[in-house]
Each structure stands twice: as C-alpha cells, then as structure tokens.
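Just below is one structure, and these are the notes that go with it.
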Amino acid sequence: MLSWVRNLLNNSTHISKICQIHAQIVIHGLPLDSHLLETLIHLGNLDYASSVFKISSPTDYSWNVMIKGYTLNASPHNSVFMYNEMLRNDVRASNFTYPFLLKACSARFAIKEGEQVHAHVVKFGFQLDLYVNNTLIDMYSKCSCVEYAHRVLDEMRDRDEVSWNSIISGYVSCGEVENARKLFEEMTIRRNVFCWTTLINGYGKEGRLVRMFELFLQMLVSADEVGPNSATMVCLLTACSNLCELKLGRWFALFIHVNTIPLNAILNTALIDMYSKCGQVEKARRLFDGMSGKNLVSWNAMLTGYVQRGLLEDAIQLFCLMRYKLVKPNEITMVNVLSACAGLVEEGRLQFSNLPLKYGLSPKVEHYACMVDLLGRAGYLNEAIELVKNMVILPDSIIWGALLSACRIHGDIDLADKIGELLLSSPDPNFGVCILLSNIYASVGRWKDVARIRRLVKEKDTKKPSGCSWIEVDGVVHTFLVEDTTHMGSTQIYETHQFLINHLKLKECVLELRHKEP
DNA sequence: TTAGGGTTAG
C-alpha cells in the first residue's frame, strides 16, 4: 500500500486529489509526510506544505525539503527562518540544502546570514564541491562582496564556466566592468555564451556602446565559437534603448532576423522597448500586436512607450485592451496608468482607488508621486497635501518636488513656505528639492530666503549627483560632466561654447535694439 | 541542483 500511495502522490497534479491522498495517509498512519511535502512544493503550494509540516512530526528530511521549497518558491525569508528553527531543534542541514540556503541569502542580500551558512558548511565538514563553491561565489557576488567571492574562486581547485561567470557577473553588478574584463581575459577554459553575454551587458549598463559593440563583434569571430543567443541580443537592445541609439538598435534587430535568433517574449519585449524609447512607437506597436505569448512585462513596455512619448490616450486605450484581455496589472502598470491620467483628475482618482480595491495592490511611493503631481498640477493642492499626510509610507524627494512644483505653478507661496520648513529640518535634504524651493523664492523676489537656502544647502553639504551628457560622433560616445576638462578636445570645446554664448548674446542685443526702434 | 536577459515616478 505504501508504494501504491507514493506513486499516486508522485502522479498527482491537482490539490483536490492530493487532499484525498493526504486523508488516506492520516487514516492509515503512512510515513509519507516528506513525500507529501515534496509534491506540494513541486506544485508551489507552500501554504498547504507548511500546514502539513506543522501538524506532522517532522523528520530531518522534511526540514530540508521545506527549506528547498521556500527558496524555490521565492520565499527566501521563510527559508532562512526555517534554517534557524532547524538549528534550534538540533537538526542538521543536508548537503543538498546548503545551495538552497545560500541562494535564499543572496535573494535577501543577507551577507551576514550567507557568511554564517558558509561557516556552517565548513564547521559541519561538508564537502566544498564545485557546485557548493559556485553557489558560494554567486552568493557573495550577489551580496556585493565580490572580494569574498574572489577568495572562494582562488581556493578552488576545479573551476567551470559557472564559477567564472558567477564572479564576472559579481564585478559587473558592482559596476567594476574592467575587473570583470580582466577575469574574462584570464579564463583558462572556453568562454561560453553566459560569460560573453555577462560582459557585453556590463558595458551596455555603463553606456559604453562602442566597447559593447566591439566585444559583440569579437564574440562572433572568437575561437570560443560561441554565437549570441536571445539573452545576448536583449542586453544589446536594452543598452540601445537606454541611450536612444536607434541606428544600432535597428542593426541588432536586423541581426536577429538574419540569424534567426529565437524571438522569445523577453527578446520581443526588448525590441518593443528599444523602438518605443528611440521614438519609433508605431513600429513598437506593430511588433507588439504581432507578438505571440505577450506577458505582463510586454504590456508594461508598450504602455511605457506611449506614456513616455506623451501619447496618453493611446496608453489609456491600451490599458483598456489589457483589462479586456483579463491581464492583471501590477505596480508598474499602474504607475503608467496614473501617468497617463495627466489632466484627467477624476480618472486618476478612480485608478488610484482601484489599486487596492480592484487589483489588490498596495500603493507605493511611485503611485503617490503620480497622484500628487496630477492633483497639484490641476490646482487641487489641499487634496494633494492631505494625500501626503495620510501616506502610510514616508514621502520621498519626488513627492516633495511634485508638491513644490504645484506651489510654483499656482503661486501658493504660503504652502511652499510650510513645505520648505519641513524639508529643511530633515537631516538630509534633497539638493534638487532645495533648489526648487530657492527658485520659488527667487521668482517672487525673496532674495534673503534664496540666500538662506543656498547657505543651508552648503552647511549640510547636500550634494547633487553630477549631471552627465553625451554625444556620439563617428561611432564614439563622448561623455561630459559639469566643468569637465578630461576630454581630449576640451579646450576647443570650451572655446566653441564661449563663441556660441557670445554669438547668442549679440543676437539678443540686436533683437532688443530692434524692439526698441520706433 | 549552480551562472547571463525585458517593463515603473518630478
């Protein structure tokens, strides 16, 4: 009977059937709790699994299975909690559990817990095999402790592509793409498509399009004999869309077509995003309409495209179509929808209330920012203030900025005063918001207040992150920071700049004189 | 049972 019920469990995919089998297990006192747990975890029903675990007398194996289950079902907090409970109950983790635990730690960016698990692996004498070591590198890398990851790599006798790529990926996510490149060059084994893609992505994320493209070309002719796959193309397209680089984006789109790289949902979405961010929103829509297997991210990308191009009616219509197709929106969808409600206060109020009531979503600071902006611009300043007062989360600088902008638009200096007091009393006032306040005072001639705020900003050492601009000339991207003199043509650039300023001033004088002519 | 990829706010 035992093996018959076990087989029955293994072949069950419906909860109702599993409930029946569970009843049989209880009635006959069969020792199948661990199997039941495994089946439930496989089906992703962690609540049921947790109930079974609590009411049964858990075996060591059951503890381990639960840890695995929580990690696999994106519940790393419970996974780590379970591990601590397990230790309190004097139960040891099995070798197979450690990678899951490390994965749970990296998902929570919990370096302390990760280090503790690492220490336990050593203390309890488990073998640090290739698989566990790779998971350790991954954990340290994801927790931004890439130097620890490097230490693990140094101590490994055998390394495979996963070991190398985990650490290269760690350097990339820490913004150290040159260190990633160094390791990539040092690799003693054949570099697979993961390694190439990770490094290409590193350059792409830094906006270094030329280096990214060079690496891509190098990949095509490399002795590794690795071709790009969908993930590689996604990285390349995303870099193009972030830099509005239509020409290169189109080239990659053609490459995908000519080389018949499989167009999965992610790659299609990256294409849609690239075209819409590069101003080709109609092309994006054609792709979107012809795409099979659309998911929520695809809908969101298309919505974002419309909103960012100011095509708000199209965005609202697309959202209606999305609801008609019974696609459930998420937080990102609703940020887009609220942004698309610009000028439509009543619709905005409705959509904001729909967040919890209709879609079961808790409004986040981004949604409040949209609403404050919408209400503030339309002159509903008191309502905007009330909304901020009733927020269950702390308002951020974007919200204060939106409120102050509304004060400026509607000339409500009293309210700006009140907000200003609140802002300047905070220990770390946002630079941009302080300048906004100072500009409001300047617009009504309150120069003493302007000076006061500038002084406060200086005293509190509030720093503005450096603004950056760039231009591509003959395939090379030139980047500029404020008062930057590092560019090779810096002297010539500043001379031309001064020439343009003088030229414009002269034009302005001529125009003024013409106006004054009788 | 480990590594890379898409969508948010002034």
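Between the NZ atom of A:Lys68 and the P atom of B:dT2 there is a distance of 10 Å, rounded to whole Å.
In terms of the side-chain contact (heavy atoms from CB on, under 4.5 Å) criterion, residue partners of A:Gln116 (sequence neighbours excluded) are, by chain and number, A:Asn84, A:His120. Remark: A:Tyr131 engages A:Pro99, A:Asp129, A:Thr135 in a side-chain contact (heavy atoms from CB on, under 4.5 Å) (not counting sequence neighbours).
No cation-pi contact links A:Lys328 to A:Tyr359, judged by a cut-off of 6.0 Å to the six-membered ring centre and 45° from its axis. The cationic group of A:Arg151 does not satisfy the cation-pi geometry with A:Tyr140, failing either the under 6.0 Å distance to the six-membered ring centre or the 45° limit from the ring axis.
At the heavy-atom level, A:Tyr131 lies under 4.0 Å from base atoms of the strands shown.
The shortest side-chain heavy-atom distance between A:Ile272 and A:Met291 falls under the 4.5 Å cut-off.
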Base contacts versus sugar-phosphate-only contacts with protein, heavy atoms under 4.0 Å: please encode nucleotides 3-10 of chain B as B, S and - from 5' to 3'.
BBBBBBBS
